Engineer: 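One structure, pasted below without further comment.
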Amino acid sequence: MIRATSHDKKEVAALLATAFEGNQSVRFVTGDRRKETGRMKLLKYSFEKCLRSGLIYLSEDRHACAMVLFPEKDKMTLGSVLLDIRFIFTCVGLGRLKRVLARERKLRRLQPPGLKYYLWFIGVDPAYQNRGIGNRLLREMMAEADSLKRTLILETSTVRNLPWYEKSGFKPYPRLDIGYPLYFLRKGGVDQ
């Protein structure tokens, strides 16, 4: 896998915007208006957050990518506050802000204790899906989380992805219903 740099932001955001087209969680945050624009803004914001407090990887062939966040490293700085404010005003909107913040609080409460390797986004360009690219990238993410002795966590609103994650050794933990089902999965940690 290739570690992405700031120069890869546009490529990563475009790849994930395509991979997450129609995704319920993304639509919840961005709203239904300006669908592609909202996805791109969310993913560029997420890219910046992960540059500051996590990692971003591309597959060797650059057809898949993953964004990882280390929650304890996500510190409040002037730069992070400005990034958040810009995201709120250009993507979420003040009318949606309360719902989005409530969702984020619920997500954080359901995360297991200890150091986490939060797989925020993982996606494969739809034109290259079902070729094993996502499997390879996920295995590399799992190996890295294990080497860092962190619990790998993620959530998905895409039911068809659940068997893929479970086949890879992820265990489900509480599901959240916030107008759509959101499934939480983890690999590693104290009780696994």
Side-chain angles (χ1 to χ4, degrees), residues 1-31 34-75 77 79-92 100 104 107 116-145 147-148 150 152-158 160-161 164-165 168 170 182 185 187:
M1 65 186 163
I2 302 165
R3 181 123 175 232
T5 68
S6 58
H7 301 292
D8 299 309
K9 181 163 111 175
K10 191 173 182 179
E11 177 184 4
V12 167
L15 190 156
L16 288 173
T18 303
F20 280 80
E21 184 176 355
N23 181 277
Q24 292 180 46
S25 288
V26 170
R27 277 198 327 251
F28 184 90
V29 173
T30 63
R34 303 177 315 209
K35 293 177 186 175
E36 186 174 346
T37 303
R39 279 196 317 275
M40 285 297 288
K41 288 179 180 178
L42 169 62
L43 294 162
K44 286 180 179 179
Y45 165 80
S46 303
F47 188 96
E48 290 296 327
K49 293 285 277 188
C50 288
L51 273 183
R52 295 168 187 260
S53 309
L55 301 165
I56 305 154
Y57 292 109
L58 285 156
S59 60
E60 293 292 330
D61 59 14
R62 302 180 82 85
H63 295 306
C65 59
M67 286 197 244
V68 176
L69 191 63
F70 300 125
E72 80 284 356
K73 292 183 179 182
D74 190 17
K75 304 292 183 199
T77 65
S80 70
V81 169
L82 292 173
L83 181 67
D84 290 346
I85 290 170
R86 184 172 53 236
F87 177 64
I88 290 165
F89 282 103
T90 64
C91 188
V92 175
V100 170
E104 292 305 308
L107 293 178
K116 292 171 267 307
Y117 187 97
Y118 176 32
L119 186 53
W120 196 0
F121 290 97
I122 184 169
V124 178
D125 180 329
Y128 294 89
Q129 289 180 355
N130 301 312
R131 298 182 187 188
I133 299 167
N135 283 327
R136 282 190 296 278
L137 187 58
L138 182 60
R139 281 194 307 273
E140 290 172 348
M141 300 288 97
M142 293 183 325
E144 183 172 73
S147 73
L148 295 172
R150 289 176 174 263
L152 198 162
I153 61 170
L154 61 91
E155 69 265 348
T156 184
S157 59
T158 308
R160 73 175 184 276
N161 289 347
W164 179 59
Y165 289 122
S168 296
F170 284 83
L182 193 56
L185 297 121
K187 184 159 178 36

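Predicted, not measured: the structure shown is a model, and the values here were computed from it. Quick note: residue numbers are just sequence positions, from 1.
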Engineer: Quick one, Met1 and Met141 - any side-chain contact, counting heavy atoms below 4.5 Å?
Structural biologist: yes
Engineer: Closest approach of Cys91 and Gly38, non-hydrogen atoms and distance?
Structural biologist: SG-O, 3.5 Å
Engineer: Roughly how far, to the nearest 0.5 Å, is NZ of Lys187 from OG of Ser168?
Structural biologist: 8.0 Å
Engineer: Check the pair Phe121 / Leu42 against side chain to side chain contact (heavy atoms under 4.5 Å, CB included), numbers first and verdict last.
Structural biologist: CA-CA 11 Å; Phe121 290 97; Leu42 169 62; 4.3 Å; yes
Engineer: For residues Glu60 and Ile2, determine if any side-chain heavy atom of one lies less than 4.5 Å from a side-chain heavy atom of the other.
Structural biologist: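 Of all side-chain heavy-atom pairs linking Ile2 with Glu60, at least one is under 4.5 Å.
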Engineer: Taking the inter-plane angle between the rings of Tyr45 and Trp120 on a 0 to 90° scale, is it parallel (under 30°), tilted (30 to 60°) or perpendicular (over 60°)?
Structural biologist: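 Because their plane-to-plane angle is over 60°, the rings of Tyr45 and Trp120 count as perpendicular.
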Engineer: I want to check something: taking the side chain as every heavy atom from C-beta on, are Leu182 and Phe28 in contact at a cut-off of under 4.5 Å?
Structural biologist: no
Engineer: Do NZ/NE/NH1/NH2 and the carboxylate oxygens of Asp125 and Arg62 come within less than 4.0 Å?
Structural biologist: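 Looking at Arg62 together with Asp125, the answer is no, because their closest N to O distance does not fall below 4.0 Å.
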Engineer: Would you please test Glu155 and Ser25 for side chain to side chain contact (heavy atoms under 4.5 Å, CB included) and show each step?
Structural biologist: CA-CA 9 Å; Glu155 69 265 348; Ser25 288; 5.6 Å; no
Engineer: So, for Arg52 and Gly79, which heavy atoms are closest and what is the spacing to 0.1 Å?
Structural biologist: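 Closest approach of Arg52 to Gly79, heavy atoms only: NH1-C, 3.6 Å.
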Engineer: Look only at the side chain of Lys41 and the backbone of Thr90, and say whether a donor-acceptor pair between them is shorter than 3.5 Å.
Structural biologist: yes
Engineer: To the nearest 0.5 Å, what is the distance between CG on Leu58 and NE2 on His63?
Structural biologist: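 Leu58 CG to His63 NE2: 11.0 Å, rounded to 0.5 Å.
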Engineer: Between Phe170 and Leu138, is there a side-chain heavy-atom distance shorter than 4.5 Å?
Structural biologist: yes
Engineer: If every non-hydrogen atom of Gly123 is compared with every non-hydrogen atom of Ala19, which pair is closest and at what distance?
Structural biologist: CA-CB, 4.2 Å
Engineer: Could you tell me the separation between the NZ atom of Lys10 and the CE atom of Met40, rounded to the nearest 0.5 Å?
Structural biologist: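 Nearest 0.5 Å value for the NZ-CE distance: 7.5 Å.
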Engineer: Are any non-hydrogen side-chain atoms of Lys9 and Leu51 less than 4.5 angstrom apart?
Structural biologist: no
Engineer: Under the criterion side chain to side chain contact (heavy atoms under 4.5 Å, CB included), I'd like the reasoning laid out for Tyr128 against Leu15: C-alpha separation, chi angles, the key distance, then a yes or no.
Structural biologist: CA-CA 11 Å; Tyr128 294 89; Leu15 190 156; over 6 Å; no
Engineer: Are any of the side-chain heavy atoms of Trp164 and Asn135 separated by less than 4.5 Å?
Structural biologist: yes
Engineer: As an exercise, state the distance from CE of Met142 to CG of Leu137, rounded to the nearest 0.5 Å.
Structural biologist: 10.5 Å
Engineer: Establish, yes or no, whether a centroid distance under 6.0 Å links the rings of Tyr118 and Phe70.
Structural biologist: no
Engineer: Taking atom types as modelled, is there a side-chain donor on Glu144 or Tyr117 under 3.5 Å from an acceptor on the other?
Structural biologist: yes
Engineer: Side-chain contact, heavy-atom cut-off 4.5 Å: Arg131 with Val124?
Structural biologist: no
Engineer: Measure across Lys44 and Ala13 and return the closest heavy-atom pair with its distance rounded to 0.1 Å.
Structural biologist: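 Closest approach of Lys44 to Ala13, heavy atoms only: CG-CB, 3.7 Å.
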Engineer: Heavy atoms, side chains only, cut-off 4.5 Å: are Thr5 and Asp8 in contact?
Structural biologist: yes
Engineer: Under the criterion salt bridge (Lys or Arg N to Asp or Glu O under 4.0 Å), I'd like the reasoning laid out for Arg150 against Glu72: C-alpha separation, chi angles, the key distance, then a yes or no.
Structural biologist: CA-CA 12 Å; Arg150 289 176 174 263; Glu72 80 284 356; 2.5 Å; yes
Engineer: What is the minimum heavy-atom distance between Glu48 and Leu83, and which atoms define it?
Structural biologist: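 So the two residues come closest at CB-CD2, 3.7 Å.
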Engineer: Going through the checks in order, is the side chain to side chain contact (heavy atoms under 4.5 Å, CB included) test met by Cys65 and Ile56?
Structural biologist: CA-CA 7 Å; Cys65 59; Ile56 305 154; 5.5 Å; no
Engineer: Ignoring hydrogens, what is the shortest heavy-atom contact between Gly134 and Ile122? Give both atom names and the distance.
Structural biologist: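 In this case the closest contact between Gly134 and Ile122 is O-CD1, 4.4 Å.
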